[in-house]
4 protein chains.
Amino acid sequence: MKTRVAKKGKSDKRAAIMEAFLGLVSERGFHNTPMSLVAKTSGVSTGNIYHYFPSKEDIIIELYRKIKLEFIRAMVDGFSDDQTFRERFRSIWLIVLEYRKSHPKETSFLEQFENSPYITPSLSEELMVAAKPLGDLLTQSIKEEIIKDLPIDLLVSLYTGGAVFLAKKFIADTIVLDDELIEAAFDACWDAIKK
Amino acid sequence: MKTRVAKKGKSDKRAAIMEAFLGLVSERGFHNTPMSLVAKTSGVSTGNIYHYFPSKEDIIIELYRKIKLEFIRAMVDGFSDDQTFRERFRSIWLIVLEYRKSHPKETSFLEQFENSPYITPSLSEELMVAAKPLGDLLTQSIKEEIIKDLPIDLLVSLYTGGAVFLAKKFIADTIVLDDELIEAAFDACWDAIKK
Amino acid sequence: MKTRVAKKGKSDKRAAIMEAFLGLVSERGFHNTPMSLVAKTSGVSTGNIYHYFPSKEDIIIELYRKIKLEFIRAMVDGFSDDQTFRERFRSIWLIVLEYRKSHPKETSFLEQFENSPYITPSLSEELMVAAKPLGDLLTQSIKEEIIKDLPIDLLVSLYTGGAVFLAKKFIADTIVLDDELIEAAFDACWDAIKK
Amino acid sequence: MKTRVAKKGKSDKRAAIMEAFLGLVSERGFHNTPMSLVAKTSGVSTGNIYHYFPSKEDIIIELYRKIKLEFIRAMVDGFSDDQTFRERFRSIWLIVLEYRKSHPKETSFLEQFENSPYITPSLSEELMVAAKPLGDLLTQSIKEEIIKDLPIDLLVSLYTGGAVFLAKKFIADTIVLDDELIEAAFDACWDAIKK
DNA sequence: TATGAATGAGGCTTCATTCAT
DNA sequence: AATGAATGAAGCCTCATTCAT
């Protein structure tokens, strides 16, 4: 079985497994995604999957970490100190919308994961650290009396909620997202948290 | 059927199954809830469960319908024409918070169900009808320029989001809900949608 | 539940069960015919079926006895001493063909039953007695050197085979049975056994 | 795969499953043969059976195809152009008798299968092709006015019937098959179809 | 590393029969 | 006689994981 095509390197297999897993889970759900199907889809044999991951659950968790991290980083990288506070929030909001719109699989996965009762998110230290700039921005904004003095995660939820919602409807193809709507939606979210 | 003493009439079994199912699913997830466990927990034998429901999936769907309906009704019944628009919204918001806080199982179930990729909610006519007063309130409020002119469901999401979020944190026991916080959270949600 | 319509008498229920059973088994096979379906089809409740029959297997056996007996009697009643031997055989042959053609359910049932390995036909005394005139005819015909001296049941098989076969094809709608074909087929069967 | 010693290669398991299945079904019937018993008897674990066959029904069908094909081939290979027509028929007849006598399990299986109402034989192309020489012989014999001009399958039934019947009685141990009887029986069958 | 056959517990569902009424 | 709810063993099949190669 020697193919001319470049053999996948080590980490490629790992990546292939995760990618296949993500695609399958987003369409079929965790429990409707047997390892055998992951094997077929990823091109990595069942047995070998267990060489890269100790168990199915581990794949799920690793995937969650990876996606969540990616998402957080997109947000964090999307604003800069050059912007006014409101501009920063706007940037972040647009990034949330954009990321979710352009990552339907990841969106579905996150949603499922974060609503599974028996899979405790248990945000790893890693995620906390990555999200720090966001927390700092919020804390700072509260202190400067730009946004309301509410618990940070509530603020995030209020603020982010609209964008996530719109993205889901966009993916489900039950809405048309024009600039006007986006702007109006952002304003609503901003109104929610601004002082 | 002359016994005065409740001998667990017909519908009691049905109810027992649904109740057991709800409890188990909320703690273990759909797929981690085998029918055998439902049988044991509900006190209804495996075989007999299938006398009341055609399949596991049907139980899930019926349960969703029932809970969602209950939740919608709670909201709808919670406001009256005597109130100002803002008061109505406030009543609804508080009911959402209260319902979710006091119905952790139902909350978990709804959350899981509505995020399952392979179980399409497909809101039945029944639910639509029940929710009509809410839709009317929103439509009316938009027309009277009390709230923003945004898609109804986005408004609901923005508006409801804060209450649901707080309830979840309350259930997870990661927040203390005092009146002040509740009031502030409501204000934020109201700011999001009010014109 | 008092209907104006005449309530089925005792034996009517028995008959209803057997009739429903026959129809279902002929289309679905023994094991694909649950008692619950028999109940629904016959209009007799599950529990009550067991008032009339001790078990499912008993119904099968009774049904077999009844049908086989009916079939045998049709043959026996179909010839008389007024006829020549050949005429008698012809009459019987035509009756077999006719009975099978006009009793597709019974035919299917007999076929299934007689080929079930775990249901031993064990022809009851009753059946033997009923078939005696046939046996006598054959014995007599052998003695008079009209037909070949072969084991009785082989003769029956050879002789009957053609008619049964034609009837099955007729039922399956894969043949057109005109008089000419019938006559030719009879001749073939007669040739098989005649001396 | 360098071992010389037979270590039960891949296809051995497949064969083991089919063999066990055949034995069980012939003695207990399709529906009285649970997969668990097939597993135990064949020495292949339940789960692994499904690695070789998609379902129980598939095993049945494959088995039917295999056995029927084997049987047809035995007949087809049993006569040659060197023989007179009558000799050819005789050869075939004897082969049918012999095959059935020496293959009681297969005989029982074929009988059950071909009388199951819900399993349509649907003779595959493969079987048709294999049986072609037989059909040709019959067609030719009709043309040369050696046998009667009757539908091919009726001829087969008439002709084959006696041999099959005898074999069944032999297997059931309710007959003694000596040469004289065999010869007489063959003559009867031949008389049935010969012109 | 890599394969995929093998395992076997466990999942959902069916169904003959019994039981309470 | 009659009902149909109730039982629970058993059936078919799935699937995470391990094992032999």
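Note that the coordinates shown come from a computational prediction; the quantities given were computed from them, not determined experimentally. Protein chains get the first letters and strands the later ones, always in sequence-line order, with residue 1 at the start of each. Only heavy atoms go into these numbers, but all of them, side chains included; no hydrogens, no water, no symmetry mates.
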- Give me the one residue out of C:E70, C:E126, C:E125 that meets salt bridge (Lys or Arg N to Asp or Glu O under 4.0 Å) with C:R65. C:E126

- Message: Roughly how many Å apart are F:dT21 and E:dT1, using the C1' atom of each and rounding to a whole number?
- Response: 13 Å

- Message: Quick check on the 6.0 Å ring-centre criterion: do C:F53 and C:F21 meet it?
- Response: no

- Task: Could you state the atom-to-atom distance from NE2 of A:H51 to P of E:dG4 in whole Å?
- Result: 16 Å

- Is there side-chain contact between A:E111 and B:E114, with at least one heavy-atom pair below 4.5 Å? no

- Query: What's the shortest heavy-atom distance between C:S108 and C:S26, and which atoms?
  - Reply: OG-O, 3.2 Å

- Query: Taking A:E62 as the fixed residue, which of A:K56, A:K68, A:R14 is the one that meets the salt bridge (Lys or Arg N to Asp or Glu O under 4.0 Å) rule?
  - Reply: A:R14

- Kindly say whether the aromatic ring centers of D:F30 and D:F109 come within a distance under 6.0 Å. yes

- Item | Length of the line joining D:I17:CD1 and F:dC13:P, which is rounded to integer Å | 13 Å

- Query: Rounded to the Å, how far apart are A:Y52 OH and F:dA16 P?
  - Reply: 20 Å

- Task: Find the distance A:L37:CG to E:dG4:P and express it as a whole number of Å.
- Result: 15 Å

- Message: Just by distance, no angles: are the side chains of B:D58 and B:S55 close enough, under 3.5 Å, to form a donor-acceptor pair?
- Response: yes

- Message: As a check on the pairing definition, encode DNA chain E in dot-bracket form, counting Watson-Crick and G-U wobble pairs whose two distances are under 3.5 Å, and using | for partners outside this strand.
- Response: .||||||||||||||||||||

- Rounding to a whole Å, what distance do you find between A:R14:CZ and E:dT1:P? 12 Å

Polar-atom pairs under 3.5 Å, protein N or O versus N or O of nucleotides 12-15 of chain E: list them with distances, or write none.
unit_1: E:dC12; atom_1: OP1; unit_2: B:K56; atom_2: NZ; d: 2.5
unit_1: E:dC12; atom_1: OP2; unit_2: B:M35; atom_2: N; d: 2.7
unit_1: E:dT13; atom_1: OP2; unit_2: B:Y50; atom_2: OH; d: 2.5
unit_1: E:dT13; atom_1: OP2; unit_2: B:K56; atom_2: N; d: 3.0
unit_1: E:dT13; atom_1: O5'; unit_2: B:Y50; atom_2: OH; d: 3.4

- At what distance, to the nearest 0.5 angstrom, does CD1 of C:I67 lie from CD of C:E106? 5.0 Å

- Task: Measure from CZ on A:F53 to C1' on F:dT17 and round the result to the nearest Å.
- Result: 16 Å

- Item | Atom-pair distance (CD1 on D:I49; P on E:dA6), nearest Å | 11 Å

